[in-house]
Amino acid sequence: MQTSYDHMTIYAVSTPPGRGGIGVVRISGGDTLPILRALFHRDAFAPRTMVYGKVFDATGRLLDEAMAVYFPAPHSYTGEDVAEIHGHGNPTILSAIMDAIGTLCKNARPADNGEFTKRAFLNGKMDLTEAEAVMEVISARSMSAVDASLRQLGGEVGTAISAIRSDLMDATAGLEAAIDYPEEEWEDEAVTAAVALLKSAQSRIEALGLSYERGRLVKEGIGCTMVGAPNAGKSSLLNAIAGFPRAIVDDTPGTTRDVLEYPFTYMGQLIRLYDTAGRRDVKTGAEAIGLQMGEAAVHESDIIILVLDGAEPLTAEDYAAARLCMGKPTVIAYNKVDLGRSLTRGELYRLGLDAPVVEISAKEGEGVEELLFTILTLSGLADGVEDTLITSARQRDCLMRAKDALGRAIDAHTAGVPFDLVSQDAMDALSALYSLTGEDPRADVIDTIFKKFCVGK
């Protein structure tokens with residue numbers, strides 16, 4: 001382990017800022033129990049048992065009536081002595097309790113962002129993938145994201161990496177034996193088995209790395225941008241999905257100028273829907289700026305919704321909107337079916353898009369459910385997520401480094417390169433996997449990860 005921490009006792013308010021029914025102050029470190037005794041004016045705190053008492057400061061002034069629970073090391077979140085004080089959710093009271101802790105114990109200080117979880121990691125209570133999952137559980141904006149984070153917190157990713165790492169260690173051991181004992185009769189068999197393990201590990205690493213794209217969608221949400229001609233019904237569709245008038249709807253072309261965002265969940269998955277200005281030939285002014293912003297939103301989105309006025313033939317503006325969709329996953333929303341169908345399927349083919357078509361009436365709310373399910377299908381999330389997902393760019397990068405190193409090892413063996421060089425590439429892959437779980441981390445990487453946490457976690 002290349003990183004360490006000071007051994008002062010830390011404390012922080014673990015509940016969100018503001019007033020509420022309950023506020024929690026968390027303490028971790030060797031002076032936890034003496035602090036509890038001083039605050040509550042009592043000696044006994046049975047482990048893992050909530051007790052009621054009155055909280056006093058160093059002068060004996062009553063601060064609150066609260067509950068406290070004590071978790072002795074090593075059976076605690078951080079692996080150290082830990083306590084939680086559950087008082088009233090008044091910021092003034094919680095601040096007074098924090099001040100009292102600092103006064104009562106000179107070996108205690110306020111915790112930094114993520115320091116409780118960092119100590120849990122450094123004390124071997126969780127690996128780095130599980131530590132990252134803690135923050136993802138807290139920040140998850142959909143049940144799909146919660147599910148994926150909880151599975152990672154439960155060690156799913158770490159278990160998969162551990163199995164791959166075990167095979168790589170066997171492979172490198174075989175290669176090292178071939179180096180140390182050349183011309184033995186078992187050499188060819190050992191090397192063949194080692195290379196097979198390298199290829200298997202590379203395949204599994206690649207599969208995990210590829211899961212990042214779906215993991216990103218689960219974590220961040222599916223970005224969907226609506227494009228189309230003016231008055232095709234984009235804003236009406238947004239309002240139909242929202243269930244209230246989120247966007248202004250008017251017969252005058254160019255009503256929408258800014259990019260409007262509406263995040264919502266569907267079947268437990270976060271979708272971030274963007275409404276953009278109608279495509280038409282405008283050179284200057286606010287509407288032209290809005291069109292540029294819409295194009296930027298298209299490029300950054302995961303899925304494009306091309307909204308067409310099904311009651312009218314295709315226009316030049318429709319073709320212009322369709323050109324924005326080229327090369328991006330797209331669903332065509334064939335709108336205004338309540339007004340009759342003038343736009344034909346033959347005209348849709350001339351748009352040059354290989355995209356599913358969903359007939360809708362944004363005004364009546366018809367077809368919206370099918371449209372949303374089609375979005376999930378295009379994103380690969382319609383059937384939920386059962387396999388292991390990578391949701392962190394850092395984890396994905398570690399996997400890609402390992403995959404590339406194994407590719408070099410396999411290519412080197414095929415080219416007849418000496419075994420010691422093949423083994424070195426395999427060791428580079430192992431090092432990348434150890435970095436992923438945090439067992440061979442750089443201190444600056446660890447610090448960067450935990451600074452993203454909230455205080456008190």
Side-chain angles (χ1 to χ4, degrees), residues 5-121 123 125-126 131 134-140 146 149-150 153 450-457:
Y5 60 90
D6 67 66
H7 291 278
M8 293 187 72
T9 297
I10 57 174
Y11 55 94
V13 177
S14 292
T15 39
R19 298 180 184 277
I22 297 174
V24 177
V25 175
R26 175 179 279 179
I27 310 169
S28 179
D31 290 294
T32 294
L33 189 55
I35 290 171
L36 271 186
R37 288 169 173 164
L39 286 174
F40 281 83
H41 290 186
R42 61 183 295 165
D43 294 328
F45 286 89
R48 294 171 294 281
T49 302
M50 192 75 79
V51 298
Y52 164 79
K54 295 182 178 181
V55 183
F56 301 89
D57 67 10
T59 68
R61 181 180 59 160
L62 177 64
L63 299 180
D64 197 8
E65 293 186 4
M67 307 288 287
V69 59
Y70 169 58
F71 302 92
H75 305 295
S76 69
Y77 181 74
T78 65
E80 305 172 329
D81 282 355
V82 170
E84 292 180 355
I85 300 169
H86 295 237
H88 292 94
N90 182 323
T92 302
I93 294 175
L94 297 175
S95 178
I97 294 174
M98 292 277 288
D99 291 342
I101 294 173
T103 301
L104 289 167
C105 182
K106 300 305 180 185
N107 193 44
R109 61 168 176 79
D112 294 329
N113 286 31
E115 192 167 5
F116 290 94
T117 305
K118 182 178 180 180
R119 289 193 174 191
F121 162 70
N123 288 326
K125 301 295 288 187
M126 59 180 68
V134 170
M135 195 58 210
E136 292 188 3
V137 169
I138 294 171
S139 60
V146 170
S149 300
L150 286 175
L153 181 58
F450 288 103
K451 283 178 181 177
K452 298 176 183 178
F453 279 55
C454 53
V455 173
K457 193 57 182 177

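Of all heavy-atom pairs spanning V51 and R42, the tightest one is CB-NH1, 4.1 Å. In this structure, T15 and L94 approach most closely via the heavy-atom pair OG1-CD1, 4.4 Å. Here the closest heavy-atom approach between residue G30 and residue T9 is recorded as N-OG1, 3.5 Å. Taking all atoms of both residues into account, the shortest heavy-atom contact from D64 to G87 is OD2-CA, 3.4 Å. When every heavy atom of S14 is checked against every heavy atom of R26, the shortest pair comes out as OG-CB, 3.3 Å. Heavy-atom minimum distance, L63 versus A96: CD1-O, 3.8 Å.
Classification of the F56-H41 ring pair by plane angle, with boundaries at 30° and 60°, yields parallel.
A heavy-atom distance below 4.5 Å is not found between the side chains of E65 and V55. The closest side-chain heavy-atom distance from Y11 to P110 is below 4.5 Å. Counting heavy atoms from C-beta on, the side chains of T103 and D57 never come closer than 4.5 Å. With contacts defined as side-chain heavy-atom distances shorter than 4.5 Å, the pair M126/V134 qualifies.
For H88, the NE2 atom counts as loosely surrounded, since its 6.0 Å shell holds 12 or fewer non-hydrogen atoms of other residues, nucleotides or ligands. No more than 12 heavy atoms of other residues, nucleotides or ligands shown are found within 6.0 angstrom of CD1 on I22.
Atom CG of L153 and atom CE of M135 lie 13.0 Å apart (nearest 0.5 Å). Of the inter-residue distances, the one linking H86 atom NE2 with M50 atom CE reads 4.0 Å to the nearest 0.5 angstrom. The distance from atom CZ of F45 to atom CZ of F71, rounded to the nearest 0.5 Å, is 13.0 Å. Atoms CD1 and CD1, on I35 and I85 in that order, are 8.5 Å from each other to the nearest 0.5 Å.
In this structure, the side chain of R37 engages the main chain of D43 through a donor-acceptor pair within 3.5 Å. T78 places no side-chain N or O within 3.5 Å of a backbone atom of S28 that could act as its donor or acceptor partner. In this structure a side-chain-to-backbone donor-acceptor pair under 3.5 Å is present from K125 to P74. Panel note: side chain T32, backbone D81; a donor-acceptor pair is recorded below 3.5 Å. Not a single donor-acceptor pair under 3.5 Å links the side chain of S95 to the backbone N or O of P91.
Inspection of the T117 and Y77 side chains reveals an N or O donor paired with an N or O acceptor under 3.5 Å.
Checking L33, I10, I101 one by one against I27, the side chain to side chain contact (heavy atoms under 4.5 Å, CB included) holds for a single residue, I101.
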